[in-house]
Amino acid sequence: MQKIINKNQNGLKGAITIPADKSISHRAVILCSLAKGKSIIKNFSNGKDPVSSLKICKSLGIDINYINSNELSIISDGNLSIPLENLYCGNSGTTMRLMAGVLAGQNFNSTLTGDESLSNRPMKRIIEPLSLMGADIKSKNNKSPLKIYGKKLHGINYKSELASAQVKSSILLAGLMTDGTTSFTEPTLSRNHTELMLSYMNANITTNGLETSISKSELEPKTIEIPGDISSAAYFIAAALIVPNSEIILKNVGLNPTRTGILEILQKMGANIEILNQKNISNEPVGDLKIKYSQLKSCTIQGSIIPKLIDELPVIAVLATQAEGTTIIKDAQDLRNKESDRIKAIVNELKKLGADIEETPDGMIIHGPQKLLGGINVDSYQDHRIAMSLYVAGLLCSKEILIQDFDWVKISFPEFETLFDTLLT
Ligand code: S3P
C-alpha cells in the first residue's frame, strides 16, 4: 500500500490513548504460557509482531483465547507440547530470540522461521550464549531458520558485549527452566521488562546493577495489564513538537526508565513536555504526556542512553532536521541490524526530502533547521518504524509525499493512522 501525506496547516490538537507496548505484550503472552494456571492479559497489542508470539504459544499447546479484541485468557499446565509445524515468527526478532531461549531446554525439537527481513538478521548473539548453556541450535550462517534440538541445559555466568534486551531475555528465559543459576551481565542497561514481569510472577530473579541472575522457578499466573507503548507515542511526540500550533495529550504511556531515553534527550533539546498522572500498573510505571510545539536545539546522543531510545532514533532524526544546530548520533551501530538498516534507510529517505543529514558507521549527523520539500516518493524499506518516521516528516513537507509499503506500520501499530487523523485538525 502507498500512502500520501499532505502538509498539515493547523497543528495537532486533542488527546489520545496510546495502544499497548509491543515488547511487554510479547513477554506477557510468553510468560503467562509458562505459568501453571489461568492468566489474563489486558490491553494486549494488536500489532502483527506480538500476535506472532501469541500464535507460536498456541502452536505449543497453550489454551489462549480472546475475551475481547484486546483481552486474552491463557490457560496452561506450565508445560509446552511438541509443535506439529515450524514456528513462524514473521517479522519479529523479539519472538524468535525469546522463543529460542524458551525452546532450547525443552524435551522436544522445534524450528523457528521468519520472513525475509528476519531471515537476514543476526542470531549468533543468542546461539552463542545458549550453546554455552548446552543448547543444540543448527542454522546456516547463524541466520533463521533455527533448528532447535531440545537438550538439558545448565546455568552459566555470561558477560555480554551487546546491550540487547532480546539477548538478555533469551538467556533469562532459558535460565528460568534450568537447574543451577544463570547470570547475565550487560555492558549498559537495556529494557528490563522481562526482569520486572518475571519478578511480578514470583520467579527467583535478582538484579544487581548490570547483572541479573535467575534460577529455576514456577511462575505464578497473573492478571497483567499492558501499558501504552512509548515507542509508538514517539511519533506523536515528534509531530506535536515540530508541527506549529500543536498541543496534545498522550494517555497511558509506559514510562519505564529503561525506555524513556527519548524524553531525556528531548528535555535537553528544549521540548515542552509535561508528565501527568504517574502510577504503576502490573509492575511498570505509566503516565500521561502533555506536549506543545517547541523550538528545539540540537544535541549529541551517545553511550549508555542508546539502548533506552534505540527504536526511536529514526524519528529523532526527523526531529533533529528541525532543531537549531548539529545533532550527532553515535554508538548506534546495532541500528543497522533491525528490520532494515535503519541508519541507511532514514538517512537516504530524509535526504530525498531535503534534509541536511549524513550517515556515519555508527549513527548520523544532522544539520538543522532545514525546510523539508517533498513532492516525491519515499521508501519505507518494509520497516514499520521507517514508515512511521517518514509519515511525521511528511507533515512538514511543503509538497505531498508518497510512502511506499506504508502498511508495514501494522507490525507494531495498526491504529497509527486513525489516531493521527483524530489529532490532525
Ligand atoms: C526489544 C529490544 C530491542 C528493540 C526491539 C524490541 C525487546 O532490540 O530494538 O524493537 O522487546 O526486547 P535489541 O534487544 O536487539 O536491542
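As the structure is a computational prediction, the values presented were derived from the model and not from experiment. All ligand and atom numbering here is 1-based and tracks the order in the structure.
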*Asks:* Examine the proximity of ligand 1 to R191 and report which part, side chain or backbone, both or neither, has a heavy atom under 4.0 Å away.
*Replies:* side chain
*Asks:* At less than 4.0 angstrom from any non-hydrogen atom of I310, what atoms of ligand 1 do you find?
*Replies:* 9 (O)
*Asks:* Using a 4.0 Å heavy-atom cut-off, say whether R27 meets ligand 1 through its side chain, its backbone, both or neither.
*Replies:* side chain
*Asks:* Any chance you could measure I56, atom CD1, to C89, atom SG, to the nearest 0.5 Å?
*Replies:* 3.5 Å
*Asks:* Nearest heavy atom to atom 15 (O) of ligand 1 wins, so pick from E312, K338, K22.
*Replies:* K338
*Asks:* Taking the six-membered ring of Y88, is the NZ or CZ of K55 close enough (under 6.0 Å from the centre) and on axis enough (within 45°)?
*Replies:* no
*Asks:* Say whether K216 and T178, considering side chains only, have a donor N or O and an acceptor N or O under 3.5 Å apart.
*Replies:* no
*Asks:* Counting only nitrogen or oxygen atoms and a 3.5 angstrom limit, does Q166 reach ligand 1?
*Replies:* yes
*Asks:* CD1 of I403 to OH of Y391: how many Å apart, nearest 0.5 Å?
*Replies:* 8.5 Å
*Asks:* Any side-chain heavy atom of N46 within less than 4.5 Å of one from E415?
*Replies:* yes
*Asks:* What I want to find out is whether E359 reaches K344 closely enough, with some N-O distance under 4.0 Å, to be called a salt bridge.
*Replies:* yes
*Asks:* Evaluate the side-chain contact (heavy atoms from CB on, under 4.5 Å) criterion for residues Y66 and L54: first the C-alpha distance (whole Å), next the side-chain angles of each, then the deciding distance (0.1 Å), finally the verdict.
*Replies:* CA-CA 11 Å; Y66 276 93; L54 183 159; 3.5 Å; yes
*Asks:* Does ligand 1 come near enough to D311 that some N or O of the ligand is less than 3.5 Å from an N or O of the residue?
*Replies:* yes
*Asks:* Within ligand 1, which atoms have a heavy atom of A165 less than 4.0 Å away?
*Replies:* 12 (O), 14 (O)
*Asks:* Considering S164, G93, S23 one by one, which has a heavy atom nearer to atom 14 (O) of ligand 1 than any of the others?
*Replies:* S164
*Asks:* Which is it for H193 and ligand 1 at heavy atoms under 4.0 Å: side chain, backbone, both or neither?
*Replies:* neither
